[in-house]
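Order of listing sets the numbers, starting from 1, for every ligand and every atom in it. Everything numeric in this text was worked out from a predicted model, so none of it was measured.
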Amino acid sequence: MHELSIAMSIVEMATEESERRGGAQIHAVHLKLGHLSGVVKDALLFSYDVACEGTPLEGSRLVIEEVPVTVYCPACRSQRTLASIQHFYCPVCSAPTPEVTQGKELEVVALEI
Ligand SMILES: [Zn+2]
């Protein structure tokens with residue numbers, strides 16, 4: 001399962017950070033998750049709880065901030081937020097927008113200790 005291996009690497013990373021701080025208790029992990037990351041939020045939340053079992057992170061929360069897909073429209077010369085990830089067209093002028101500038105994120109942004 002894709003999400004489980006991601007959850008395990010998040011837990012591993014946070015555990016190392018906790019050890020670096022002398023075994024500090026981690027209450028929550030904040031994650032940025034883009035709509036194009038290919039990760040299912042609910043599956044990741046579930047996997048996180050599984051991955052935390054028996055680790056110093058047991059009982060901590062995974063807080064997911066979802067990042068909408070943003071593209072660069074060459075016609076408008078500006079950033080646009082896509083209404084749907086099925087259609088890579090500018091919502092203002094309908095030009096094709098192949099350049100994704102945001103939405104592929106899968107990164108830990110903060111730890112609550
Ligand atoms: Zn446009």
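Within the protein, the number of N, O or S atoms lying under 2.8 Å from the Zn ion (ligand 1) is 4.
Cluster membership for Leu33 and Ile85, using ILVMFWY side-chain heavy atoms within less than 4.5 angstrom, is not shared. Hydrophobic clustering (ILVMFWY, side-chain heavy atoms < 4.5 Å, transitive): Val69 and Ile64 are in distinct clusters.
Paired with Tyr48 under the rule side chain to side chain contact (heavy atoms under 4.5 Å, CB included), one option of Val29, Ile6, Leu31 passes, and it is Val29. Checked options Val67, Thr81, Leu82; the residue passing with Gln102 is Val67 (criterion: side chain to side chain contact (heavy atoms under 4.5 Å, CB included)).
Across Ser60 and Ala28, no two heavy atoms sit closer than the pair CB-N, 4.3 Å.
When atom types are taken as modelled, the side chain of Ser18 and the backbone of Ala24 share a donor-acceptor pair closer than 3.5 angstrom.
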